[in-house]
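No hydrogens, no waters, no symmetry mates; every other heavy atom, side chains included, goes into these values. Every number for a ligand or one of its atoms is a count from 1 in the order of the listing.
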Amino acid sequence: MLLTLKSHELRQLFFDYFRSKDHLIVPSAPMVTKNDPTLMFTNAGMNQFKDIFLGNQQPAGMRIANSQKCLRVSGKHNDLEEVGHDTYHHTMFEMLGNWSFGDYFKKEAIFWAWEFLVKRLGIPEERIYTTVFEGSSEENVPRDDEAFNCWKECFSHPEGRILEGSRKDNFWEMGDTGPCGPCSEIHIDIRDESERAKKPGFKLVNKGHPQVIEIWNLVFIQYNRLSNGNLEPLPAKHVDTGMGFERLCMVVQGKKSSYDTDIFQSIISRISEISGKQYGVKESWDIALRVISDHLRAIAFSIADGQLPSNNKAGYVIRRILRRAVRYGYNNLETQEPFLHRLVPVLADVMGDTYPELRSRKDHIAKVILEEETSFLKTLGKGLKLIDKKIEELGKGKKKVLPGRTAFELYDTFGFPIDLTQLILKENGLSTDIEGFEKEMKSQKERSRKDAAVDAGDWTVVRETGETEFTGYTYTEDNVLISKYRTIKIKGKESLQIILNKTPFYAESGGQVGDTGFLISGTEKIAVTDTIRENNSIIHLSQGKINDPFAEFHAVVDLEKRQMTANNHTATHLIHFALRSVLGKHVEQKGSLVTPERLRFDFSHFSKLTKEELHKVEAFANTMVRESNSINVSEGISMTQAHEMGAMALFGEKYGETVRVVRFGDSVELCGGTHVGNTGSIGIIKIVSEGAIAAGIRRIEAVTAARAEEYINEKISSVEDITVLLKSTGDIRDSVQKLLAENNALKKEIEKLQMQSVSVIVTELEGKAVLINGIRFLSGLVESASAEMLKTIAYQIRKSSENTVLVAGSEAAEKAHLLVMVSDTLVKEKNISAAAIIKEIAAEINGGGGGQPFLATAGGRNPSGIPAAIKKAEEYIKKLI
Ligand code: ATP
Ligand code: MG
């Protein structure tokens, strides 16, 4: 017979039951985690006991039970999208659990779970199914017979009730390494009799059926996963169980949905009261009522835990949940006023007994929610309209992906978090261009960084001329008029911005730097230091001043720089084409920079280019140079035409209605840049470096024409210089090899000689050994030995003798070195420390030092103090004994 229990009574029964089995009942840990970098929110009862399982902490008792506030909205467990749409997943839920830390194991865990559910709560056993781990031959883990046999004893008719599950459902792991083990789940079939007669419940276990659901998971931690992937049995075995409290309530209260239990009912009634929408009338209302009642708990508990909604990390997750609730209200329940905050008192009533923080922080929670709701509602209306319009447009164009720019606009202007946009699109069977969105985010950050440093004056309009015409594809000089100008201050430095009626100056874009040059009138000459583009305007930058803006000007582009830039830009196209020809069609442009000095080209490719590949690419590009291909430009053509010509769209570029296609032989690219008339004028392309800049993205740098000539000459002349230095007559490589071999031989020779002298010195020192109270005391001055050499000597002595103290000094390069070595036996048995001795004697050489008990060194500026230092050490040892 099923008991009729209120939720708080049920929770209490669970505690009472496990208390009767000698469990210590502990409070829930906070839901917002503070010190775990791998976890933002508690997502399972075991989180707070992680350190105990890892052996880093002692438990408060061997048997523990509790109810834990969990939130599953990020990371490994993310149920957010299900919530509201199904009837048994929540964002925030309570997980009831019992734990054994090296105490009881499978038998007790299973029998008690059974006793609690069947005997105490009266859940009919014919509605229960359990699962056990089927085993894995690969891992050498057998089927969990122990658990299987325990369950067999529980059921009066066990046939078809105990199912085997795979690693996915029935093997729990804490992480890639660490504690793990098989688990056993308890599932309950809450379907009506008639339904159950039609289809046996075991066919629906773990199949996502809303009325055949998992309520309890018993984890048996018996292995440790090593970093090599192997499993090692744990000396102390643990039990970790988790039961969804809301689901248990649903079962016990005979409901088909956890939202129908008393946990949610009064909250849902309150929302109905406010919105005038009843539960159980309309699907879209029901979903919203479930979403809101669920999210309210997640938000309120987080705020109570001290986590306010914010722009990043955990705060952002909370903000997202809150906004999801507001959106469902707004969309499905037509709540245009803030209302979530009005639900807080009901929640505090329902749950405040168990979680008193809700009651004590009630007003604070409501205030925070009201503020968030108000600001989000303001922008939501506008944003939703925009999204609807965009979805309609996508539908008309038979497109499936919302452009990143639109997603960004929604984010930037309407405060739509990107995942909210994603969610809305997903609900409409569409998706969002996330990469594009991120690119917009990045450039916005860039812009605001730049903007922050710029103090722009107002434009002085000289004459109305409309949009600037760019004449630079054809000319590098032109007669122009100033349409407007202004002064701006960048980080305190003033400069001039000039816009012309037309201009031959190329404005920085597509990776190509802007032109420089002069604007010359009859009376003045203004130097243009750069040309940039801002919202379709071509802006000439200058450090100078304009005296007569009304004059006619002659615009002159720095021709040499322009030509050098053109060489590099065309070379970029040729290298791109060569890379695709040599490496394959997976090569795509990922970015580029074209300056007068050099070019940089980033592309997708997964491994380092070999020397041969680099040579091939370079040779391929240079062949195209020598073919003297003339430029062939098609302007104002459609994207489709461009594709037919073989042009590839460039990385992340946004093109207008029509495009410009630049061709050199077989190389075809969409490009707005300025190029050479004929590839022959590049002369030569020389790749100077190749490397990785990100996973799967490589960068090539190259120089062309005169710069390539300089580069090659420089390389040749360094080889020539080396040839002269080595007096090499044959192949320089042979000479270098020979030199290296000689060098190695000499090094070995030196080492040998040093070792010889070390043994001579060691013998000498040992010859001078004196016995002080039974300790062999060696000391002496070793002429011109380095500190390193002193150490070698000490180690040599340490190897071959016990019961010895060595004090050696040396003078090298006008510095004094001291070393003290004490045999291990003396360190251990007589407690003599080299470090202590060195402290005593270092002052004699005007220095300081330290070390370990068996070896210590000091350096100082007074070599003449070495004999005194040795004397002092001798005294020290005499006094010790
Ligand atoms: P499910 O398949 O239902 O998502 P799970 O395998 O993710 O469950 P566990 O991680 O084993 O569940 O968690 C233990 C128990 O916690 C489950 O048996 C269930 O009763 C409950 N539970 C898990 N996720 C939720 C949730 N989002 N809302 C409510 N209860 C949950
Ligand atoms: Mg889950």
Side-chain angles (χ1 to χ4, degrees), residues 7 10-11 14 28 31 39 41-50 65-99 109-110 113 116-117 121 123 128-133 163 165-175 180-190 204-221 239-252 255 257-261 263-264 290-291 293-298 301 317 321 324:
S7 56
L10 182 57
R11 196 189 288 106
F14 179 83
S28 169
M31 194 169 78
L39 207 62
F41 302 101
T42 298
N43 62 22
M46 62 73 56
N47 293 162
Q48 70 162 315
F49 303 119
K50 217 162 124 178
N66 79 349
S67 170
Q68 173 65 49
K69 305 176 269 186
C70 295
L71 190 64
R72 292 196 167 181
V73 288
S74 57
K76 180 177 161 191
H77 292 290
N78 189 345
D79 295 331
L80 184 61
E81 289 194 20
E82 270 74 65
V83 173
H85 292 266
D86 76 16
T87 47
Y88 60 106
H89 277 99
H90 299 286
T91 54
M92 183 261 161
F93 66 98
E94 287 180 77
M95 196 186 278
L96 304 174
N98 57 296
W99 283 269
I110 288 173
F116 180 66
L117 295 178
L121 301 183
I123 297 175
I128 299 182
Y129 294 90
T130 65
T131 63
V132 297
F133 182 44
L163 313 171
S166 68
R167 193 166 154 182
K168 182 181 142 278
D169 284 321
N170 285 81
F171 198 88
W172 179 88
E173 311 232 7
M174 187 187 279
C180 57
C183 60
S184 212
E185 304 156 338
I186 302 172
H187 295 258
I188 305 214
D189 185 349
I190 53 171
L204 299 171
V205 167
N206 270 334
K207 296 282 186 295
H209 190 288
Q211 286 170 22
V212 182
I213 55 158
E214 181 196 325
I215 65 158
W216 205 346
N217 194 354
L218 317 179
V219 182
F220 310 120
I221 303 177
V239 172
D240 154 19
T241 84
M243 170 156 60
F245 174 61
E246 294 74 5
R247 292 186 191 179
L248 180 68
C249 266
M250 158 173 86
V251 173
V252 171
K255 306 291 186 195
S257 152
S258 55
Y259 293 92
D260 291 339
T261 63
I263 306 174
F264 289 96
R290 289 197 290 262
V291 165
S293 60
D294 172 277
H295 289 10
L296 170 73
R297 299 186 344 140
F301 273 93
V317 175
I321 300 175
R324 190 172 186 260

Atoms of ligand 1, numbered as shown, that sit under 4.0 Å from any heavy atom of H90
26 (C), 27 (N), 28 (N), 29 (C)

Salt bridge flag under 4.0 Å for residues E173 and R167
yes

Under the 3.5 angstrom rule, does the side chain of H90 hit a backbone N or O of M92 as a donor-acceptor pair?
no

Ligand 1 atoms nearer than 4.0 angstrom to some heavy atom of D79 are 24 (N), 26 (C), 27 (N)

Taking only heavy atoms of N217, which atoms of ligand 1 are found under 4.0 Å from at least one of them?
11 (O)

Counting from 1 in the order shown, the ligand 1 atoms closer than 4.0 Å to a non-hydrogen atom of G244 are 15 (C), 16 (O), 19 (C), 20 (O), 21 (C)

Are there more than 12 heavy atoms of other residues, nucleotides or ligands under 6.0 Å from atom NZ of K168?
no

Please state which option from R72, E214, M46, H77 has its nearest heavy atom closest to atom 7 (O) of ligand 1.
R72

Taking N or O atoms only and a 3.5 Å limit, does M243 qualify as a polar contact for ligand 1?
no

Please test N206 against E185 for side chain to side chain donor-acceptor pair (under 3.5 Å), starting from the C-alpha separation and ending with a verdict.
CA-CA 10 Å; N206 270 334; E185 304 156 338; 3.1 Å; yes

So, using side-chain contact (heavy atoms from CB on, under 4.5 Å) as the criterion, who are the partners of T261 when residues are at least two apart?
C249, M250, Q253, K255, I263, F264

Is E246 close enough to touch ligand 1? Criterion: a residue heavy atom under 4.0 Å from a ligand atom.
no

Atom indices of ligand 1, in the order listed, that fall short of 4.0 Å to a heavy atom of Y88
28 (N), 29 (C)

Can you check which of M95, M92, K168 brings a heavy atom nearest to atom 13 (O) of ligand 1?
M95

Flag I215 as yes when one of its N or O atoms lies below 3.5 Å from any N or O atom of ligand 1, and as no otherwise.
yes

